[in-house]
Number of protein chains: 2
Amino acid sequence: MTKNPNQYFSKTLEKGLSVLSLFGREHPSRSLTEISILTGINKTSTYRLVNTLVQLGYLRKSVNDKSLRLGPKAFLMGHECFHGFDIYQGIKPIIDKTFFEHHISIDSALIDGFKLISLYRREMPNLVSFHLPLIMDELYARAMGKIILANLAKADLDQYFSILKPVKLTPDTLVDLDEIKADIQETKTRGYSINNKEYIPGIISIGAPMMNYQTRTVAGAVSLDFPAREYSLAAIERQYIAILLKLASEASELITTAGI
Amino acid sequence: MTKNPNQYFSKTLEKGLSVLSLFGREHPSRSLTEISILTGINKTSTYRLVNTLVQLGYLRKSVNDKSLRLGPKAFLMGHECFHGFDIYQGIKPIIDKTFFEHHISIDSALIDGFKLISLYRREMPNLVSFHLPLIMDELYARAMGKIILANLAKADLDQYFSILKPVKLTPDTLVDLDEIKADIQETKTRGYSINNKEYIPGIISIGAPMMNYQTRTVAGAVSLDFPAREYSLAAIERQYIAILLKLASEASELITTAGI
DNA sequence: AATGTTTGTTACTATTATAGTAATTTAATG
DNA sequence: CATTAAATTACTATAATAGTAACAAACATT
């Protein structure tokens with residue numbers, strides 16, 4: 001055991017990255033004080049970090065109003081980090097193949113903390129196109145979230161429920177804690193998860209886990225999404241479970257190899 | 001003037017980012033010592049930075065061989081930095097419009113130091129599909145590079161030539177310094193640049209600058225690329241210069257507004 | 001299995017970088 | 001022009017990092 005584990009953790013780097021990750025599609029421009037407040041870093045230190053990022057080209061500063069935006073270096077690094085992520089490169093052909101074979105909408109995500117990180121997605125035109133965020137909190141209301149919860153260690157699951165504040169996203173969203181717990185229990189025995197219009201009205205999804213077979217832990221999930229107009233839940237379960245599980249097992253192989 | 005400007009630059013953050021940017025499509029996996037050598041940071045500090053990145057989820061460490069790969073957080077940040085880059089979002093519709101109107105291959109890039117950073121690209125099927133790197137050094141051999149050089153301040157251009165070591169990429173690449181200088185001079189008076197099979201055999205390109213009209217500096221360039229089989233240089237100059245310049249002026253408006 | 005070799009991890013400080021307060025400048029607003 | 005807010009700089013105590021060197025673990029070779 002290390003005597004002082006903190007010695008091998010760079011707080012400055014953590015802060016610098018927390019500054020950089022405040023920028024994105026939703027927030028293309030921010031001010032120094034805004035950054036200082038959001039990160040909780042005092043103004044001078046924020047200034048130092050921002051200044052560094054500007055000098056390195058990760059941010060750029062407007063000459064007029066001093067507002068900050070992403071710079072070319074961030075774009076470049078973004079490209080590399082996105083396309084250089086092996087799991088993304090690995091899951092793409094797997095999902096594409098299933099998509100072209102069966103003509104269904106497919107989604108995939110990794111779990112990070114108790115958040116879903118959207119990985120790769122293919123959508124059929126019959127699905128009301130909805131713009132999903134990259135990070136999602138609502139594990140309890142999504143097929144991918146439910147199957148992940150069902151595969152979590154008991155301690156983790158308990159912790160999740162201890163902090164969970166369910167929100168009624170659609171008329172069908174489960175918000176009663178006991179109901180949600182029962183649903184997860186059922187999901188566990190079933191082996192796949194069902195989201196019956198609980199996240200987005202009119203959309204039914206089924207989900208299966210991406211498992212690391214080596215460590216026997218969940219790393220993420222895949223889901224198949226259907227418009228409720230055209231598909232009944234019964235029909236979906238009859239026709240698509242096998243496809244879902246096959247997809248999930250291929251994804252799990254990938255995860256296991258990659259060691260997520 | 002600041003007394004000690006270094007006070008407002010975080011070396012730790014710089015190092016941390018230099019570690020992270022060693023990863024990408026070409027280098028999905030690296031070892032600690034490799035990182036230490038490539039960055040020039042001593043092993044203990046590298047260990048600290050890597051450890052930090054692992055703990056934050058930007059990197060992940062293989063349990064078997066301790067090799068390092070990009071983690072979910074890097075993927076996430078990559079996505080945000082890529083799609084949150086306003087210039088990218090701005091240039092896309094401009095290039096798409098021209099692409100669909102005239103059915104020609106179009107490329108765009110920003111300049112960073114003396115390197116081209118690939119921005120957005122649309123390709124016709126008649127062009128031999130070549131996989132371009134994200135960063136390119138060969139300004140002297142590309143249409144986008146030439147027009148950028150032609151618009152550089154004299155001091156910068158001199159510096160560029162003082163370090164330039166031209167490489168014969170195709171039979172038509174100019175490698176004689178004086179010839180290259182003359183070509184840049186000609187480009188300057190012409191107002192657009194010509195790359196006559198100098199970068200890739202069989203491909204002719206014309207380029208125009210993306211100017212910041214406010215600061216009167218070049219921020220990047222756009223180019224139109226043609227297969228030499230189907231188009232003669234004369235035909236291209238007759239038909240496509242107006243289109244190129246219109247495209248470049250639209251892009252310049254964007255750049256000026258964005259303040260690059 | 002024992003050996004040497006490489007790579008990764010930890011202990012230990014001197015040195016340096018950063019945090020934080022407060023003052024100052026610059027810009028924005030009425 | 002006055003007022004307020006935001007950004008930048010000066011200054012220094014404190015905490016974080018760099019760097020050396022020792023140690024452990026993994027790997028290859030004999």
Side-chain angles (χ1 to χ4, degrees), chain A residues 1-23 27-56 58-71 214-215 259, chain B residues 1-23 27-56 58-71 214-215 259:
Chain A
M1 187 59 196
T2 317
K3 277 211 174 169
N4 180 6
N6 243 40
Q7 193 172 24
Y8 297 107
F9 184 88
S10 168
K11 298 181 183 181
T12 309
L13 177 53
E14 180 183 34
K15 285 174 194 164
L17 289 170
S18 79
V19 169
L20 195 53
S21 55
L22 289 179
F23 293 83
H27 302 281
S29 169
R30 316 205 88 132
S31 76
L32 186 71
T33 19
E34 193 182 354
I35 295 170
S36 171
I37 291 165
L38 287 170
T39 56
I41 303 167
N42 94 67
K43 222 153 50 119
T44 304
S45 298
T46 304
Y47 180 73
R48 182 187 294 110
L49 296 170
V50 163
N51 198 46
T52 305
L53 292 171
V54 169
Q55 287 197 37
L56 295 174
Y58 289 90
L59 294 178
R60 59 188 212 273
K61 188 170 3 185
S62 157
V63 255
N64 311 321
D65 63 353
K66 311 278 179 114
S67 71
L68 298 151
R69 287 169 178 274
L70 289 170
Q214 205 117 59
T215 61
Chain B
M1 186 59 197
T2 316
K3 275 211 175 169
N4 181 6
N6 244 38
Q7 193 172 24
Y8 297 107
F9 184 88
S10 168
K11 297 180 185 182
T12 309
L13 178 53
E14 180 182 35
K15 287 174 194 165
L17 290 170
S18 78
V19 169
L20 197 52
S21 56
L22 290 179
F23 293 83
H27 301 281
S29 169
R30 316 206 87 132
S31 76
L32 186 71
T33 18
E34 194 182 352
I35 295 170
S36 172
I37 291 165
L38 287 169
T39 55
I41 303 167
N42 94 65
K43 221 153 49 116
T44 303
S45 296
T46 305
Y47 180 74
R48 182 186 295 107
L49 297 169
V50 163
N51 199 45
T52 306
L53 292 170
V54 169
Q55 287 198 37
L56 296 174
Y58 289 90
L59 294 179
R60 61 188 210 274
K61 187 168 7 181
S62 156
V63 254
N64 312 319
D65 64 351
K66 311 280 176 108
S67 72
L68 298 150
R69 288 169 178 275
L70 289 170
Q214 205 117 58
T215 60

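Just so we're on the same page: letters track the sequence lines, and every chain starts at 1. All values below were derived from every heavy atom in this structure, side-chain atoms included, with hydrogens, water molecules and symmetry-related copies excluded.
When rounded to the nearest whole Å, the span between CD1 of B/I37 and C1' of C/dT7 equals 10 Å. The CD atom of A/E14 sits 18 Å away from the P atom of D/dA15 (whole-angstrom rounding). Atom CG of B/L32 and atom P of D/dA25 are 17 Å apart (whole Å). Note: CZ (A/F9) to P (D/dA15) measures 18 Å, nearest angstrom. Atom P of nucleotide D/dT17 and atom CG of B/L13 are separated by 12 Å, given to the nearest angstrom. In this structure, CG of A/N6 is placed 10 Å from C1' of D/dA16, rounded to the nearest angstrom.
Listed by chain and residue number, nothing satisfies the side-chain hydrogen bond (donor to acceptor under 3.5 Å, both in side chains) test with A/S29 (two or more places apart in sequence, or in another chain). Applying the side chain to side chain contact (heavy atoms under 4.5 Å, CB included) rule to B/K11 yields the partners B/N6, B/F9; only residues at least two apart in sequence or on another chain are considered.
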Nucleotide-resolved protein contact map, nucleotides 19-30 of chain C, B/S/- at heavy-atom distance under 4.0 Å: BBBB-----S--

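Residue B/S10 places none of its side-chain N or O atoms closer than 4.0 Å to OP1 or OP2 of C/dA17.
Remark on the helix from C/dA1-D/dT30 to C/dG30-D/dC1: inter-end axis angle 60°, axes from five-pair C1' superpositions, rounded to 10°.
Within the structure, salt bridge (Lys or Arg N to Asp or Glu O under 4.0 Å) contacts touching residues 27-37 of chain B (residues at least two apart or in different chains) are B/R30-B/E34. Listed by first and then second residue, the salt bridge (Lys or Arg N to Asp or Glu O under 4.0 Å) pairs that reach into residues 13-22 of chain B come to none, sequence neighbours excluded.
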